[in-house]
Protein chains: 2
Amino acid sequence: MYRIDKAVILRQKAEAKVSSEKIVQILEDDILGGTLRPGEKLDEQSLANRFSVSRTPVREAIRQLAANGLIEIRRNMGATVRQLTAGEVVDMFMVLAELEGLAARLCARRMTMAEIDEAKARNDDCLRAAETGDQVAFLEANNAFHDVLLRGTRSAYLATEAARLGRRLAAYRRVITHPRQMMSSHAEHQRIIAAISQGEEDVAQAAMRTHVDVIAGSAADIVLALEANAAPLSATR
Amino acid sequence: MYRIDKAVILRQKAEAKVSSEKIVQILEDDILGGTLRPGEKLDEQSLANRFSVSRTPVREAIRQLAANGLIEIRRNMGATVRQLTAGEVVDMFMVLAELEGLAARLCARRMTMAEIDEAKARNDDCLRAAETGDQVAFLEANNAFHDVLLRGTRSAYLATEAARLGRRLAAYRRVITHPRQMMSSHAEHQRIIAAISQGEEDVAQAAMRTHVDVIAGSAADIVLALEANAAPLSATR
DNA sequence: ATTTCAGTTTGTGTATACAATAATGGAAAT
DNA sequence: ATTTCCATTATTGTATACACAAACTGAAAT
């Protein structure tokens, strides 16, 4: 009688052995990048095999991701990638708009000329990407632009929180697909930079808030459409 | 030759055996309540003894608290309660002001009459506490007031995040000690409620923002004074 | 055919054991 | 007396083992 070696069955890619800290990073990237789809189950043993470690560090990574709201743990029933409703996405964008708005205000107060030039450069990158219709390049340049502003706040806490929420919503920001939208984003960026360089806090804050709200609106439409369609992503297992 | 039983030495109160989820709660309360002081080291084995469990669930609790920013983990060097600088406290209050401001705006848009009455009642509690100079009662009523507003937003995400940050800063809000400050807080609350019940979003948001900023100002003074004094709390081990 | 229930199996929760790394303390050298 | 270095100790990081709860399966009963 032959006993089947379970380890062989479960083993997949089996990345090189990796520390617990990296596991958090990798899983987070997988979730935010869409490799792990909403509703998907995270099996501790499979992940342990994949990373060539025991379940212990995997468990710790899972708990940490749960604390950050990316996954949901139900006692004795495992962890699943969290599925956001359209309403939640809208709520989160509202908060993001507020945080980024505050950031813009602080930038108007504290940014150096060098930093403002840096922001302009990143927005020029946005323009180039928009002109060639390169969505990936645009999103990258867009992220870089926002990062420059967050650094310009001189508030590590605000920068960290806003960046975290921004990353969390990154998937929903991919709604920007048409060159037209990229162009108008670029224009909004320019208005924000102008206000910052003039030190007009109120204007900078308002401009940033509406900029984020515009994106939120498109994102909400997409998510609502997805929800209306048959079974959501959770059925894709 | 006598071997000393280490377990006996390490054992302290030894609370009844408690699940891993509760451990997070208890440790969080200890940190925010001041039982565990900033800079203090968290020894896994001691905590395991205290909760009558093994190190495993304690470790998971620690990782979770670290994800929430309450403690700091340095690889192979254990976990310590995080010590905030005055600058960080100010930054966090700025974000809190923004979040609560947004909450007030949403309340003006969405709150029912019943909820507004509830908020008024909680603010009346604040007034009573202020008149008798009861600081503990005031802080409690104050928390209740803010909670009502957070519920009134209809945004679970905003409510959760604002509440979390508020809890995190609770220790620094104890700067409100003089009945005079309590009275002015009460008055600010009233202005906020008035704006909400009139549906004046902008006014409500602005009023709430300045309300939080006032507290932030006092808190910053205290923290700065503490930092100026000799060695900070981290030396208290 | 459908439902119910027990046996099995899978997977999580916790405990214990072992490995690796940083803190500690004391001896030797200056 | 002070400093440097090494050995010891303590504590964290990871692996393994066991306990227990939830899910799955299939047969029996209606």
Side-chain angles (χ1 to χ4, degrees), chain A residues 1 3-12 14-27 36 39-67 71-82 234-235 237, chain B residues 1 3-12 14-27 36 39-67 71-82 234-235 237:
Chain A
M1 186 189 201
R3 283 196 64 251
I4 297 174
D5 187 351
K6 194 164 139 198
V8 168
I9 294 178
L10 290 175
R11 174 165 306 134
Q12 28 199 38
E15 313 184 2
K17 185 164 179 172
V18 85
S19 74
S20 72
E21 295 156 9
K22 302 269 177 183
I23 294 175
V24 176
Q25 277 294 329
I26 295 174
L27 288 181
L36 286 170
E40 196 161 346
K41 199 150 181 299
L42 297 181
D43 182 71
E44 296 179 356
Q45 189 60 58
S46 309
L47 291 173
N49 293 338
R50 170 177 162 196
F51 296 121
S52 306
V53 295
S54 78
R55 277 177 53 217
T56 310
V58 171
R59 278 182 66 82
E60 294 187 345
I62 287 177
R63 302 310 256 250
Q64 206 162 331
L65 292 172
I71 65 182
E72 198 173 7
I73 296 178
R74 275 139 58 205
R75 193 181 165 82
N76 284 320
M77 290 172 66
T80 54
V81 178
R82 184 109 184 282
S234 57
R237 63 150 305 182
Chain B
M1 187 187 194
R3 283 196 63 252
I4 297 174
D5 188 350
K6 194 162 139 200
V8 169
I9 293 179
L10 289 175
R11 175 165 305 135
Q12 29 199 37
E15 312 183 5
K17 184 163 178 172
V18 84
S19 75
S20 71
E21 294 156 13
K22 303 267 177 183
I23 294 176
V24 176
Q25 277 293 328
I26 295 174
L27 287 181
L36 286 170
E40 197 161 345
K41 198 151 181 296
L42 297 180
D43 182 69
E44 295 178 357
Q45 189 60 57
S46 309
L47 291 172
N49 294 337
R50 171 177 161 196
F51 296 121
S52 306
V53 296
S54 77
R55 279 175 50 217
T56 311
V58 171
R59 279 181 66 83
E60 293 188 345
I62 287 178
R63 302 310 255 250
Q64 206 162 331
L65 292 172
I71 65 182
E72 196 173 8
I73 296 177
R74 274 138 61 205
R75 191 178 168 83
N76 285 320
M77 291 172 65
T80 54
V81 178
R82 184 108 185 280
S234 56
R237 60 154 303 187

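Values reported hereafter were calculated over all heavy atoms of this structure, with side chains retained and with hydrogens, waters and symmetry mates removed. Just so it is clear: chains get the letters A, B, ... in the order the sequence lines come, proteins before strands, and each one is counted from 1. Just so we're clear, the structure is a prediction, and the values are computed from it rather than from any experiment.
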Inset, instruction - Among dA22(C), dG13(C), dA15(C), find the nucleotide with the atom closest to the side chain of T56(B). - result: dA15(C)
Inset, instruction - Take atom CG of N49(A) and atom P of dG11(C), then tell me their distance rounded to the nearest Å. - result: 11 Å
Inset, instruction - Might you point out which heavy atoms bring I73(A) and R63(A) nearest each other, and give the distance in Å? - result: CD1-CD, 3.3 Å
Legend entry - Gap between atoms NZ and P, on K41(B) and dT12(D) respectively (whole Å): 5 Å
Inset, instruction - Report the C-alpha distance between I71(B) and L27(B) in whole Å, list the side-chain angles of each, state the deciding distance to 0.1 Å, and finish with yes or no for side-chain contact (heavy atoms from CB on, under 4.5 Å). - result: CA-CA 10 Å; I71(B) 65 182; L27(B) 287 181; over 6 Å; no
Inset, instruction - Give the nucleotide from the list dG13(C), dT14(D), dG11(C) with an atom nearest to the side chain of E44(A). - result: dG13(C)
Legend entry - Whole angstrom value for the distance that separates P of dT14(D) from CZ of R63(B): 7 Å
Inset, instruction - Taking salt bridge (Lys or Arg N to Asp or Glu O under 4.0 Å) as the test, write out the residues that go with R59(A), two or more places apart. - result: E44(A), E60(B)
Legend entry - salt bridge (Lys or Arg N to Asp or Glu O under 4.0 Å) partners of E72(A), counting only residues at least two apart: none
Inset, instruction - Under 4.0 Å between any heavy atoms, over every strand shown, what does R59(B) touch: base, sugar-phosphate, or nothing? Just pick one. - result: base
Legend entry - Stem list, DNA chain D (Watson-Crick or G-U pairing under 3.5 Å, at least 3 consecutive pairs): C:1-30 with D:1-30
Inset, instruction - Find the distance N76(A):CG to dT12(C):C1' and express it as a whole number of Å. - result: 6 Å
Inset, instruction - Starting at atom CD of Q45(B), determine the distance to atom P of dA15(C), rounded to an integer number of angstrom. - result: 11 Å
Inset, instruction - Please determine, for the side chain of S54(B), which listed nucleotide (dT16(C), dA15(D), dG13(D)) has the closest atom? - result: dT16(C)
Inset, instruction - Map R75(A) and A79(B) onto DNA chain D by nearest heavy atom, then report which one ends up closer to the 5' terminus. - result: A79(B)
Inset, instruction - Look at the side chain of R55(A) and the base of dG13(C), then say whether one donor and one acceptor between them are separated by less than 3.5 Å. - result: yes
Inset, instruction - Quick one: label L42(A) by what it contacts on the DNA or RNA (base, sugar-phosphate, nothing), any heavy atom closer than 4.0 Å. - result: sugar-phosphate
Inset, instruction - Among dG13(D), dA22(C), dT14(C), find the nucleotide with the atom closest to the side chain of M77(B). - result: dA22(C)
Legend entry - Heavy-atom pair of closest approach, residues E15(A) and S52(A): O-OG, 2.9 Å
Inset, instruction - Give the rounded distance in Å between these two atoms: CD of E21(A) and C1' of dT14(D). - result: 13 Å
Legend entry - Rounded distance in Å - CG (D43(B)) to P (dA23(C)): 14 Å
Inset, instruction - Write down the distance between NZ (K17(A)) and P (dG13(D)), rounded to a whole number of angstrom. - result: 15 Å
Legend entry - Closest non-hydrogen atom pair between V53(A) and K17(A), with its separation: CG1-CG, 4.0 Å
Inset, instruction - Measure across Q64(A) and V24(A) and return the closest heavy-atom pair with its distance rounded to 0.1 Å. - result: OE1-CG2, 3.8 Å
